[in-house]
Amino acid sequence: MNPEKIVLGFESSCDETGVALCTTDGRILGQALYSQIAMHKDYGGVVPELASRDHIRRLIPLMDDTFKQAGLVMSNVDAIAVTTGPGLPGALMAGCAFAYSLAMGLNLPVIPVHHLEGHLLSPLLSATPPAFPFTALLVSGGHTQLMGVEGLGRYALLGETLDDAAGEAFDKTAKMIGLPYPGGPALAKLAEKGNPDRFKLPRPMLHSGDFMFSFSGLKTAVLTTAMKLAGVAQPSETMQISDTDKADLAASFQAAIVETLVKKALAACLQQDHKRLVVAGGVGANQLLRGQLVKTAQKRGIEVYFPELNLCTDNGAMIAFAGAMQLAKNPALLNTRSYSMLTRPRCELAPLNQNGAN
Ligand code: KG4
Ligand code: ZN
């Protein structure tokens, strides 16, 4: 019998549908991804109902592509992993209903995966994966957290944002200056042409002495500056700001948020006495953040690890991988047959995994 088991993983927590096949020794055998960006663009953000319906349309074709790529068939699968939370309730329901029904029909175990655990472990899929323990900076559209990671399933929350997540701040600020959804990459691109020193924007909670973040004040500072530049007393979506001003504002905003993330992440890593810092989540694709982290960390003898660029944002590979790692650690999961589907739109990573359950 082949000692390696094969896990089929599904991700559908927000606006990406992802499917992948991963072995319990961590090899991705096939993966397929569909991003709904084009569909949500006209609305300036994710429309949850549209997202849920689209996941339903994409799951089967993406699964077929994944099997084709891997040269495998359904009977090769040993377990099914699926994101059960956090995320949009309807979007999670779509993926979970599909994954649980499939598992039940095939008499396979289901491995529930926490979306953030997927992000957290995604750097382990890169060519030079980090060893445990490490400090992780999780920066996505919905979360900004610093975690101490001692091993698989052993996560301690060190700090998080009190209000907006880093990606959310990028997206909202981008919208304010008239950039299209998704704002993060668009703002980062515009910032390349701007002067990051032109506007002195706040670095919120930089000296708070803990690992908490707050980005809503920074967003307000951008809005106030944009109103001044446009010469208006009330904010509006049609504020007239020159292209140079927009680029300088984007660059100044990006510099402020990156400086805060870098300093807090490094401080957390040093406090934990970790030699490795791992960055994951959509904002981990930001080039300034990557560059600044590496530069600052090197001076302190800390190695920085990132997921491959295509694995920074949501994908099925990280979910199949997280499921496969859970199975490798606990082969008894193969004998479970629990099909009472429970989606968790809001759920913490640390307490769930400390109990060994999701
Ligand atoms: O991890 P992710 O795909 O979804 C969530 O789990 O939330 O992250 C998406 C977030 C969005 O807010 C997006 O604007 C941001 O990541 N993002 C970026 C960049 N690429 C994606 N933010 C800044 N710079 C980027 N290059
Ligand atoms: Zn995500």
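Keep in mind the model is a prediction, meaning the values are calculated, not measured. First listed ligand is number 1; within each ligand, the first listed atom is number 1.
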For K189, is the nearest heavy atom under 4.0 Å from an atom of ligand 1?
no
When C269 is tested against each of V278, V304, L158, T135 for side chain to side chain contact (heavy atoms under 4.5 Å, CB included), which residue passes?
T135
Heteroatom test (N, O or S) for C14 near the Zn ion (ligand 2), limit 2.8 Å:
no
Does any N or O of ligand 1 fall below 3.5 Å from an N or O anywhere on E16, backbone included?
no
Judged by non-hydrogen atoms, does A285 sit under 4.0 Å from ligand 1?
yes
Ligand 1 contact on H115 by region, counting heavy-atom pairs under 4.0 Å:
side chain
Is there a side-chain contact between D245 and R198, using heavy atoms and a 4.5 Å cut-off?
yes
R346 atom CZ: more than 12 heavy-atom contacts under 6.0 Å:
no
Residue that, paired with K219, satisfies side chain to side chain donor-acceptor pair (under 3.5 Å) out of T173, D164, D163
D164
Name of the D314 atom (N/O/S only) found closest to the Zn ion (ligand 2)
OD1
Between Q287 and ligand 1, which residue portion shows a heavy-atom distance shorter than 4.0 Å: side chain, backbone, both, or neither?
neither
Atom 3 (O) of ligand 1: closest protein heavy atom, distance to 0.1 Å, is D314 N, 3.0 Å
Aromatic ring proximity Y181/Y43, centre distance under 6.0 Å:
no
If you scan protein heavy atoms around atom 20 (N) of ligand 1, the nearest is G282 O, 3.4 Å
Tell me whether R276 forms a cation-pi arrangement with Y305, defined as NZ or CZ under 6.0 Å from the six-membered ring centre and within 45 degrees of its axis.
no
Which protein non-hydrogen atom lies closest to atom 13 (C) of ligand 1, naming both residue and atom, and how far is it?
D171 OD1, 3.7 Å
Would a 4.5 Å heavy-atom cut-off, applied to side chains only, mark L102 and M74 as touching?
yes
Nearest protein heavy atom to atom 24 (N) of ligand 1, by residue and atom, and its distance?
N286 ND2, 3.0 Å
Considering non-hydrogen atoms of the protein only, which is the closest contact for atom 7 (O) of ligand 1, and what is the distance?
G141 N, 2.7 Å
Does an N or O anywhere in G281 fall below 3.5 Å from an N or O of ligand 1?
no
Heavy-atom side-chain proximity of L309 to Q287 below 4.5 angstrom:
yes
Nearest protein heavy atom to atom 22 (N) of ligand 1, by residue and atom, and its distance?
G184 CA, 3.6 Å
